[in-house]
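Reading through the C-alpha cells given below for one structure.
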Amino acid sequence: MAIDSRTSGDNGPTSPAPARRSRPRRVRMTGAERREQLLDIGRALFAERGFEGTSVEEIAAKAGVSKPVVYEHFGGKEGLYAVVVDREMRQLLDMVTGALTAGHPRELLEQAAFALLDYIEQYTDGFRILVRDSPVAQSTGTFASLISDIATQVEDILGLEFKARGFDPKLAPLYAQALVGMVALTGQWWLDVRRPKKAEVAAHLVNLAWHGLDGLEPKPRLVGHRKN
C-alpha cells in the first residue's frame, strides 16, 4: 500500500505548515509622546488656518486618535492653542534676550534684529501664530506684551547710553519700545516677502535706528560678527 507523502507517518515526510502573516504591531505612544504629537499637529494647523479655522476633529484625525484624547490632554482647542502660544513666546523671548551679549549699543541692536529675524526664519509657523490676534489668554500675555518684555531687556542699556551722552535717561523706555517695535513690525513684513536677505534687513534696521533719517548711510554695513 502506497503511503501518501502529504500525510505524516512514522517514516513519512511531513508537509510544512503554512506561514502566518504577522500584522505590524502598532506602537503605542506614551502620554508625553501623544501630547507632543498633538502640539506639533495643532501648531501646524493654527499657523495655516488660524484658531477659528482649526477644529478639534481635524487635529484628532491627523493624530489618528479620537476627539476625547485631545480633550484629555488639553481640555479642548483653547487649551491646546494656549500651550502652543506660550511655547512660541518663550522661545522668541529666550532667543532675543540670549542674543544681547555685546557691550556696544549698536552691536546690541544688530543682535536683537538678528535674533528676531532668526526666529522668523527658523520658527515660521510659530511667528505666524504669534502675530495673529489671540482669542484666549496666555500666561505670557499677547504678542504686544512680549515685545514690551523684550524692550525692557534693552531699556537699562539705553538708559546708561543716554546718561553718558547727556540725554534724559527717563526717556529710555520710550526709545526701547520704539526700537523693538520697529524691528518687530519689519519682521512681520519680511515674514512673507523674504527680500532682501536677512543680513541686509538687519543692516537697514540698524541704519535707521542708529543714524535716523537725517544721517542714513547709503550702503549700511554691520559692525558685529554676524554677517548672515
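- Looking only at distances, no side-chain donor or acceptor of E155 sits under 3.5 Å from a matching main-chain atom of A172.
- Annotation: the span from L116 atom CG to T186 atom OG1 amounts to 9.0 Å, rounded to 0.5 Å.
- For E48, there are no side-chain hydrogen bond (donor to acceptor under 3.5 Å, both in side chains) partners, not counting sequence neighbours.
- Here D125 pairs with R43, A44, A47 under the side-chain contact (heavy atoms from CB on, under 4.5 Å) rule; sequence neighbours left out.
- The shortest non-hydrogen separation linking L45 to T54 is O-OG1, 3.3 Å.
- Ionic pairing of R128 and D192 is present here: one or more N-O contacts between side-chain nitrogen and carboxylate oxygen are shorter than 4.0 angstrom.
- Considering only heavy atoms from C-beta on, Y81 comes within 4.5 Å of I129 through its side chain.
- Connection of L205 to V223 is not established within any shared hydrophobic cluster, with ILVMFWY side chains joined at heavy-atom distances below 4.5 Å, either directly or through further cluster members.
- A salt bridge links E36 and R87; the closest N-O separation between the charged side-chain nitrogens and carboxylate oxygens is under 4.0 Å.
- Going from atom CD of E88 over to atom CZ of F46 covers 12.0 Å, rounded to the nearest 0.5 Å.
- Residues F51 and K77 have side chains in contact (heavy-atom distance under 4.5 Å, counting atoms from C-beta outward).
- E200 contributes atom CD, which lies 13.0 Å from atom CG of N228 (distance to the nearest 0.5 angstrom).
- Exactly one of M89, Q91, Q188 qualifies for a side-chain contact (heavy atoms from CB on, under 4.5 Å) with L130. That residue is M89.
- Inter-residue side-chain proximity for L38 and E33 is flagged as unmet; no heavy-atom pair is nearer than 4.5 Å.
- Cluster note: V206 groups with L109, W210 through ILVMFWY side-chain heavy atoms spaced under 4.5 Å, whether in direct contact or through intervening members.
- Every residue two or more places apart in sequence or in another chain that forms a salt bridge (charged side-chain N to carboxylate O under 4.0 Å, His left out) with E58 is listed here: R49.
- For residues 172-182, the set of pairs meeting the salt bridge (Lys or Arg N to Asp or Glu O under 4.0 Å) definition, not counting sequence neighbours, is empty.
- In terms of the ring pair (Phe, Tyr, Trp, His ring centres under 6.0 Å) criterion, W190 has no residue partners (sequence neighbours excluded).
- Between the side chain of Q177 and the main chain of A151, no donor-acceptor pair closer than 3.5 Å is present.
- Residues in residues 63-72 take part in these salt bridge (Lys or Arg N to Asp or Glu O under 4.0 Å) pairs, two or more places apart or across chains: E57-K67.
- No side-chain heavy atom of E107 sits under 4.5 Å from any side-chain heavy atom of T101.
- Side-chain contacts under 4.5 Å among hydrophobic residues (ILVMFWY), followed directly or transitively, place F114 together with L222.
- Residues T124 and R194 form a side-chain contact, since some pair of their non-hydrogen atoms from C-beta on lies under 4.5 Å apart.
- Clustering ILVMFWY residues whenever any of their side-chain heavy atoms sit less than 4.5 angstrom apart, transitively, puts M182 in the very cluster that holds V201.
- One hydrophobic cluster holds both V84 and V131 under the rule that ILVMFWY side chains link at heavy-atom gaps under 4.5 Å.
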**Report entry** Residue pair R226, Q111: steps toward the side-chain contact (heavy atoms from CB on, under 4.5 Å) verdict
**Finding:** CA-CA 8 Å; R226 282 288 302 266; Q111 290 171 345; over 6 Å; no

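- Sorted by first and then second residue, the ring pair (Phe, Tyr, Trp, His ring centres under 6.0 Å) pairs involving residues 155-175 (not counting sequence neighbours) are F162-F167, F162-Y175.
- In terms of heavy-atom proximity, T97 sits nearest to L93 at OG1-O, 2.7 Å.
- Applying the side-chain contact (heavy atoms from CB on, under 4.5 Å) criterion to V96, with sequence neighbours excluded, gives L92, A115, I150.
- Residues satisfying the side-chain contact (heavy atoms from CB on, under 4.5 Å) criterion with Q37, sequence neighbours excluded, are M29, R34, I41, A63.
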Query raised in the report: What do the steps show when you test V56 against Y71 for side-chain contact (heavy atoms from CB on, under 4.5 Å), and what is the final call?
Result: CA-CA 9 Å; V56 173; Y71 288 105; 3.9 Å; yes

Query raised in the report: Does the pair V83 and R35 meet the rule for a side-chain contact (heavy atoms from CB on, under 4.5 Å), with working shown?
Result: CA-CA 11 Å; V83 175; R35 180 180 174 87; 4.0 Å; yes

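- The salt bridge (Lys or Arg N to Asp or Glu O under 4.0 Å) analysis of residues 163-181, with sequence neighbours excluded, yields the pairs E161-R165.
- Y123 is not listed as a side-chain neighbour of D118, based on a closest heavy-atom distance of 4.5 Å or more.
- Among all heavy-atom pairs drawn from L117 and A202, the shortest one is CD1-N, 4.0 Å.
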Query raised in the report: Under the side-chain contact (heavy atoms from CB on, under 4.5 Å) criterion, do H211 and R106 qualify, and how do the steps go?
Result: CA-CA 10 Å; H211 296 287; R106 177 167 177 173; 3.6 Å; yes

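- Across P196 and W189, no two heavy atoms sit closer than the pair CD-CH2, 4.3 Å.
- Linking Ile, Leu, Val, Met, Phe, Trp and Tyr whenever their side-chain heavy atoms come within less than 4.5 Å puts L191 and V85 in one cluster.
- The environment of NZ in K198 is crowded: more than 12 heavy-atom neighbours from other residues, nucleotides or ligands sit within 6.0 Å.
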